[in-house]
Amino acid sequence: MSAVNQVQPATQRSTNVVLVGLMGSGKSSVGRTVAEGLGLEFADTDAMIVEEAHRPITEIFADEGEDGFRRRETRALESLTQRQNLMLATGGGIILRERNRQLLRQLGFVVWLTASIDTLAYRVAQNRDRPLLHTEDPKQKLLDLMTTRQGFYEDVADLTVDTTDLTLPETVHGLVESINYHFACKS
Ligand code: S3P
C-alpha cells in the first residue's frame, strides 16, 4: 500500500463529533443531549479551559487578553487528538486560528450549528459570561462576528444545521439522525 493510501482523511476514521458555531448557537446544550443519545462522552473546550485556569473566561480575557484565551483553546484541542467516541462543543471563536481549524478537522466530523442573528441575540441575552458581548450593542457584535467568521465555519464544517426555526428536541433529533447516517456510511 502506498503512503498516500495509508493516510486516511481524519473524517473517515474518527468516531468523534465536533460542534462549532457562534455564541448562542446551542453547541453545549445540543452537544450534551446528542452525546447522551449516541453514547458519546461529552467535552467542552470552554469548560476544559476554565478548569485548567481555575478562573472564569471573563477573567482569562482580562488577564491574558483574547490571544491568551486562543492559545488555551489550541492546547485544549491538542490534548484531545488521541480521543475517540467524543462529542466536543467548542467556543465560538475557536475557528479563528488556522492551527485550530486543522485540529478540528483532524478530530472528527465537524457540525456547524448556526441561526439568525436575532435568534442568537435572544439566546445569549441573559448570560453575562461572554466577554466579547460586553458591549453596548451585543446584536451588532454578533453580526460583526458572523461576518468575520462565517467563511471559517464553512471551511471546517462537514455539515451545517440552521437551528433558527428548530426547538432543542428537533435539533437533537436531526443531529442524531445525521450523525448516525454519517458513521453508517463510513463503516
Ligand atoms: C467566544 C465564545 C465563547 C467563549 C469565549 C469567546 C467567541 O464560547 O469561548 O467567550 O469568541 O465567540 P461560546 O460560543 O460557547 O459561548
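Start at 1 and go down the list; that is how both ligands and their atoms are numbered.
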Exercise. Parallel, tilted or perpendicular for Phe61 and Phe69, by the 30°/60° rule?
Worked result: tilted
Exercise. Taking atom types as modelled and ignoring hydrogens, do the side chains of Thr163 and Arg123 form a donor-acceptor contact shorter than 3.5 angstrom?
Worked result: yes
Exercise. Looking only at protein heavy atoms, which one is nearest to atom 16 (O) of ligand 1, and how far off is it?
Worked result: Arg130 NE, 2.6 Å
Exercise. Judging by distance only, is a nitrogen or oxygen of Gly21 under 3.5 angstrom from one on ligand 1?
Worked result: no
Problem set entry | Numbering as shown, the atoms of ligand 1 that approach Pro131 to under 4.0 Å (heavy-atom distance) | 10 (O)
For this session: Identify, for atom 11 (O) of ligand 1, the protein heavy atom at the shortest distance, and state residue, atom and that distance.
Result: Arg70 NH2, 2.7 Å
For this session: May I ask whether Arg72 has any heavy atom positioned less than 4.0 angstrom from an atom of ligand 1?
Result: no
Exercise. Does a donor on one side chain sit under 3.5 Å from an acceptor on the other, for Thr164 and Asp162?
Worked result: yes
Exercise. Which residue owns the protein heavy atom closest to atom 12 (O) of ligand 1, what's the atom, and how far is it?
Worked result: Arg149 NH1, 2.7 Å
Problem set entry | Protein heavy atom at shortest distance from atom 6 (C) of ligand 1 | Phe61 CZ, 4.0 Å
For this session: For atom 14 (O) of ligand 1, find the nearest protein heavy atom and state the residue, atom name and distance (0.1 Å precision).
Result: Lys27 NZ, 2.5 Å
For this session: Please test Met48 against Glu52 for side chain to side chain contact (heavy atoms under 4.5 Å, CB included), starting from the C-alpha separation and ending with a verdict.
Result: CA-CA 6 Å; Met48 291 169 69; Glu52 198 209 44; over 6 Å; no
For this session: Go through the steps for Glu66 and Leu132 under the test side chain to side chain contact (heavy atoms under 4.5 Å, CB included), then give the verdict.
Result: CA-CA 9 Å; Glu66 185 173 343; Leu132 292 180; 3.8 Å; yes
For this session: Record the part of Leu132 in heavy-atom contact with ligand 1 below 4.0 Å; permitted values are side chain, backbone, both and neither.
Result: side chain
For this session: Indicate whether any N or O donor in one side chain lies under 3.5 Å from an N or O acceptor in the other, for Thr74 and Asn100.
Result: yes
Exercise. Name the one of Thr33, Leu166, Val111 that satisfies side-chain contact (heavy atoms from CB on, under 4.5 Å) with Leu175?
Worked result: Val111
Exercise. For atom 9 (O) of ligand 1, what's the nearest protein heavy atom and its distance?
Worked result: Asp46 OD1, 2.7 Å
For this session: Could you walk me through whether Leu88 and Leu77 pass the side chain to side chain contact (heavy atoms under 4.5 Å, CB included) test, one step at a time?
Result: CA-CA 10 Å; Leu88 180 66; Leu77 290 178; 3.9 Å; yes
Exercise. Would Glu66 count as a contact of ligand 1 if the rule is a heavy atom under 4.0 Å away?
Worked result: no
